[in-house]
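First comes the structure, then the notes that go with it.
Here is how names work: the chains are called A, B, and so on, in the same order as the sequence lines, proteins then strands, and each is numbered from 1. Reckoned from all heavy atoms, side chains included, excluding hydrogens, waters and symmetry mates.
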Amino acid sequence: MPVPKNPILRAITSLQLTIICLAALMVLVTAATLAQVDMGTMGAVNAFMRSFVVFWDVPGTQWMIPVFPGGALVGMVLVVNLVAAQGARMELSWSKAGLWIVHLGLILFVAGEFVSSAFQVESQMAIENGQTVNFVEGRDAELAVIDVTDPQWDQVYAIRSGTLRGQGTVAIPGTPVTLKVHQFAQNARLRNRMPNDPPSGATAGVGTSVAWSEVPPATADSDQDQSAALVEPIAGGRSYGTWLVSQALGASQSFTHEGKTYQLGMRHRRQYLPYSVTLKKFSHDSYAGTDIPKNFSSLVHLDNPTTGERRDVLIYMNQPLRYDGKAFYQASFGKGDTLSILQVVENPGWLLPYVSCVLVTVGLLIHFGISMRRSARKREAARLAQAAQGA
Amino acid sequence: MSKIGKYSAWIAGGLALFGALLMLRAPGRVRGLDVDGFSRLPVLEGGRLKPLDSVARNALLAIRGQQEFRWQDHTVLPGEWILDVLFRPQVADQQPIFVINDPDVLGMMGIRQSKERYFSFQQIVPYIDAVQRESQAAQAIEAKQRTRFQGAVLNLFERLYLYHRLKNTMQLEQSPGLAVEVAAPGAPGAAQRQASLAELAYFRAIPPLPGQKAEAWTSSGEALRAAAMGAANAGLEPMARIATAWSVQDAPSFNRGVKDLQIVTFGAWPEAQTQVDHETTFNRAQPFYVGMVIYVLAMLTVFASWLWKPAVLRPAAFGFLCAGAIVQTAGLVSRIVLQGRPPVTNLYSSAVFVGWGAVLLGIVLERMYRNGFGTAVASASGFASLLVAHHLTGDGDTMEMMRAVLDSNFWLATHVTTITIGYSGTFLAGAIAIAWTLRKQFAPRIDPETSRSLSGMVYGIVAFSLFFSFVGTVLGGIWADQSWGRFWGWDPKENGALLIVLWNAIILHARWGGFARERGVMTMAIFGNVITSLSWFGVNMLGVGLHSYGFMDKAFWALSGFIAVQFLFMALAMAPRQFWKRKASRDGADRATPARA
């Protein structure tokens with residue numbers, strides 16, 4: 001193995017650095033695993049694996065002290081180390097072919113994780129039997145202002161939760177309405193207002209009879225935030241009162257300005273699709289005499305007017321529908337088996353891990369095959385030498 | 001191998017296998033009653049058809065912690081016990097089947113903790129209200145926050161309830177009995193009893209009517225209800241005769257009833273017969289228990305061989321090891337056939353499989369190096385993993401049905417099996433490293449030849465397990481991508497697998513770079529045991545993630561103890577040879593001290 005003369009290059013290409021990176025990854029993975037108990041999976045992964053630096057929030061203060069390199073940084077250093085070592089140290093020979101392939105596979109693997117962390121979007125599609133849906137919903141919230149005046153046709157304006165968080169005023173384009181955001185809570189708990197509860201801050205709509213309080217964002221993977229906001233629509237210089245909007249509120253609330261009726265509602269952020277999905281039938285079996293689920297499946301009809309594609313698809317466990325860059329998985333069900341919940345994932349890098357795993361597997365096989373043949377030869381030679389000595 | 005060695009290997013192996021075969025003998029009749037025939041009848045429980053023998057064994061295991069017990073000077077086997085529970089509850093109530101270890105629970109019943117740990121239902125009856133009250137209080141508390149007493153009382157309540165359901169499966173307790181119900185299913189008051197029976201029944205023993213689906217087995221309550229509506233079931237009548245005959249211990253009538261019920265059941269469902277016969281044989285053979293005993297024999301023999309007559313004893317130990325492996329393989333194959341699934345389906349079977357993999361690897365190593373270390377390490381790992389598996393059976397049926405998410409034979413066969421082989425390898429490497437450590441510290445002399453071969457073994461096995469854990473982890477990722485759309489979800493179990501991969505990679509790179517030599521690699525291999533045990537069991541204790549199918553909380557102390565022992569071994573591996581002796585040369589960590597002059 002040639003060793004580079006330049007000390008910096010030597011450090012970058014060194015095997016010590018590889019080991020340090022691997023050990024740091026072990027520490028990070030362990031920490032991320034333990035932290036899931038308190039922070040939830042995504043919280044822990046973002047804090048430890050997808051960050052460049054891991055911070056420690058000193059309890060009782062606002063200080064954040066960097067204590068450890070984050071997963072993203074370690075991953076990058078590891079890739080640099082791998083590429084550099086591969087180029088500078090390892091000769092291009094057949095006996096090293098296995099290692100070359102393994103390391104190429106590993107680089108792709110890390111790259112795949114970077115692509116996922118940057119581009120992967122997860123959302124859900126909940127459809128009831130017979131219902132047709134042309135959107136998917138994300139975890140985040142949005143405030144929808146819907147012009148429902150025309151019975152044929154809704155005009156939807158959606159404001160992202162990030163914009164609401166900034167508070168201030170938001171003008172709704174194409175309408176005379178401006179929204180003044182008084183307060184926004186990422187996660188809030190609502191209940192019926194009791195006589196001695198403080199006022200909710202709402203002056204119009206169902207919000208006046210509700211008591212609400214902000215709670216910390218949900219961390220458990222099964223929980224979802226229920227965002228809430230106090231907004232005041234102003235149009236033509238006139239205020240229509242302050243309204244409480246939340247995902248926890250079922251009733252629709254609306255006001256009318258100059259003959260146009262606008263609905264206000266907080267909902268999961270929607271992404272509309274150029275095609276629609278209809279649930280024809282959801283089925284679910286249990287093992288005889290038990291509650292253990294045996295299988296779930298959703299028979300859906302896919303209708304894409306832009307391409308003229310119309311077909312039925314059966315989505316079931318381990319058998320997703322991959323369509324238009326998205327994959328639809330059977331995730332859950334509810335409402336006495338009439339509601340099917342599909343997990344929708346969009347990840348442009350989904351093929352990378354497959355390629356990398358094939359490469360690493362093949363590479364390891366080649367490398368260990370070569371080493372085993374070498375070691376068998378050595379043992380054979382030793383045996384012959386011993387026999388010769390004995391003779 | 002010398003001729004004498006060959007003979008001793010074959011003799012030892014043959015003897016062990018013969019002993020294993022002896023387990024298959026059918027038990028004799030009990031007081032002339034064909035209990036065996038009855039316990040071979042199929043019933044539906046936990047979503048699958050199984051012999052009553054399995055239900056009885058698992059229930060007794062859950063309630064008493066053992067599959068048989070001594071009572072009134074004879075050994076009560078599961079078949080006899082379940083018959084008493086079903087049809088002679090007044091007898092079953094007197095049998096000491098409830099194990100209670102918790103001093104506070106005993107104290108609640110006014111009993112001082114003593115050697116006697118087993119109590120009969122009758123002894124517990126006066127305190128049932130108290131048990132129920134306390135367990136209701138405990139139930140309201142989250143499992144992790146319960147005190148030891150609350151956990152124990154809840155556990156006792158669950159066992160009492162299981163026992164109560166078993167007693168009310170075929171006929172209601174303190175009712176006139178099954179024969180009366182069958183004679184007049186439409187009698188006044190019968191409908192209510194049928195409803196209670198249908199609700200309480202623990203298993204479904206009445207075969208479906210001809211033309212019904214194979215899963216349509218019913219409980220006696222449901223069958224009686226159907227009979228009242230006019231759909232008489234041919235299985236009820238012989239069952240009623242069995243019930244009456246057992247309650248008065250009338251052997252001829254009981255045996256005739258069993259025969260008739262067999263004809264009704266297997267005449268309509270012949271395929272059920274092969275299934276239950278196979279499973280009853282499997283239950284009786286207890287291959288994993290027998291395997292454990294044989295591995296202990298192998299271990300003791302190989303230890304003896306280092307002191308005395310190595311030419312005879314070492315091959316004998318190898319013979320035992322192979323016999324153990326054959327028995328364990330037979331058990332594994334049996335399970336695969338019975339379940340129609342790949343070998344690893346839950347935590348229990350993963351333990352069995354980890355041991356099996358380690359044993360096979362050890363056999364290969366012994367054939368390659370022939371120094372007894374392969375045998376010692378393989379039999380120790382086989383024994384240890386079967387012991388762990390034995391302690392994981394507490395939940396009852398080890399062949400439960402798979403939840404829909406896991407219901408994929410392809411992925412179970414590839415991902416789960418490969419990753420478990422990876423566990424096997426890492427544990428075996430750790431075991432060899434422990435053997436190396438013990439030898440270094442305690443053997444009277446050390447020849448460098450053996451040290452070199454042990455070192456070669458560990459290197460080879462670490463490479464082997466790196467390959468399998470990597471492939472297994474990635475296959476798991478692909479499975480996750482297929483079923484949830486996330487190749488890598490950072491689930492605790494996935495992270496655990498990743499830790500094993502990373503650690504094995506570190507060992508190999510440290511060796512290639514020359515940062516770790518023999519002693520370093522051995523110490524690191526022992527630490528591999530810690531990592532593997534944590535990712536195998538530890539992550540299940542976190543109680544988060546998608547792999548919570550294997551959740552458990554009791555094993556926490558066992559796991560902590562195991563890890564503490566591994567650290568002790570690591571310290572021993574690092575310490576100079578026989579460091580407690582002053583005369584040991586200061587730099588001679590690995591250097592051979594001269595043999596006694």
A/Q319 CD to A/L314 CG distance, which is reported to the nearest 0.5 Å:
8.5 Å

Which one of A/L25, A/T18, A/T361 has the most heavy-atom pairs closer than 4.5 Å to chain B?
A/T361

Let me know if A/F109 has heavy atoms under 4.5 Å from chain B in its side chain, its backbone, both or neither.
side chain

Measure from NZ or CZ of B/R511 to the centre of the six-membered ring of B/Y459, then state whether that distance is under 6.0 Å and the direction lies within 45° of the axis.
yes

Which members of residues 463-473 of chain B, sorted by number, sit under 4.5 angstrom from chain A on a heavy-atom basis?
B/A463, B/L466, B/F467, B/F470, B/V471

With a 4.5 angstrom heavy-atom cut-off, is it the side chain or the backbone of A/A44 that approaches chain B, or both, or neither?
neither

Interatomic spacing from CE in A/M26 to CH2 in B/W503 - rounded to 0.5 Å:
6.0 Å

Measure distances from B/I531 to the heavy atoms of chain A and classify the residue's part below 4.5 Å as side chain, backbone, both or neither.
side chain

Measuring centre to centre across the rings, with the benzene-like ring taken for any Trp, is A/F333 within less than 6.0 Å of A/F296?
yes

Checking A/V29 against chain B: side chain, backbone, both or neither under 4.5 Å from a heavy atom?
both

Enter the distance from A/H103:NE2 to A/N81:CG here, rounded to the nearest 0.5 Å.
9.0 Å

Proximal component of B/L508, with respect to chain A [non-hydrogen, under 4.5 Å]
side chain

Chain B-proximal positions within residues 365-374 of chain A [heavy-atom distance under 4.5 Å]:
A/L365, A/H367, A/F368

Please report the interatomic distance CG(A/L342) to OG(A/S340), rounded to the nearest 0.5 Å.
4.5 Å

Quick check on B/L498 against chain A: is it the side chain, the backbone, both or neither that has a heavy atom closer than 4.5 Å?
side chain

Spacing of CG belonging to A/L28 relative to OG1 belonging to A/T33, to within rounding of 0.5 Å:
10.0 Å

Any side-chain heavy-atom pair of B/L559 and B/S533 under 4.5 Å:
yes

Does the side chain of A/Q271 pick up a donor-acceptor pair with the side chain of A/S123 at under 3.5 Å?
no

Keeping to residues at least two apart or across chains, list the salt bridge (Lys or Arg N to Asp or Glu O under 4.0 Å) pairs with something in residues 455-478 of chain B.
none

Return all side-chain donor-acceptor pairs below 3.5 angstrom for residues 343-352 of chain A, not counting sequence neighbours, or 'none' if the list is empty.
unit_1, atom_1, unit_2, atom_2, d
A/Q343, NE2, A/E122, OE1, 3.4
A/E346, OE1, A/K326, NZ, 3.2
A/N347, OD1, A/G349, N, 2.9
A/N347, ND2, A/S116, OG, 3.3
A/N347, ND2, A/Q120, OE1, 2.8

Salt bridge or not between B/R204 and B/E45? Use side-chain N to carboxylate O under 4.0 Å.
no

Ignoring hydrogens, what is the shortest heavy-atom contact between A/L364 and A/V102? Give both atom names and the distance.
N-CG2, 3.3 Å

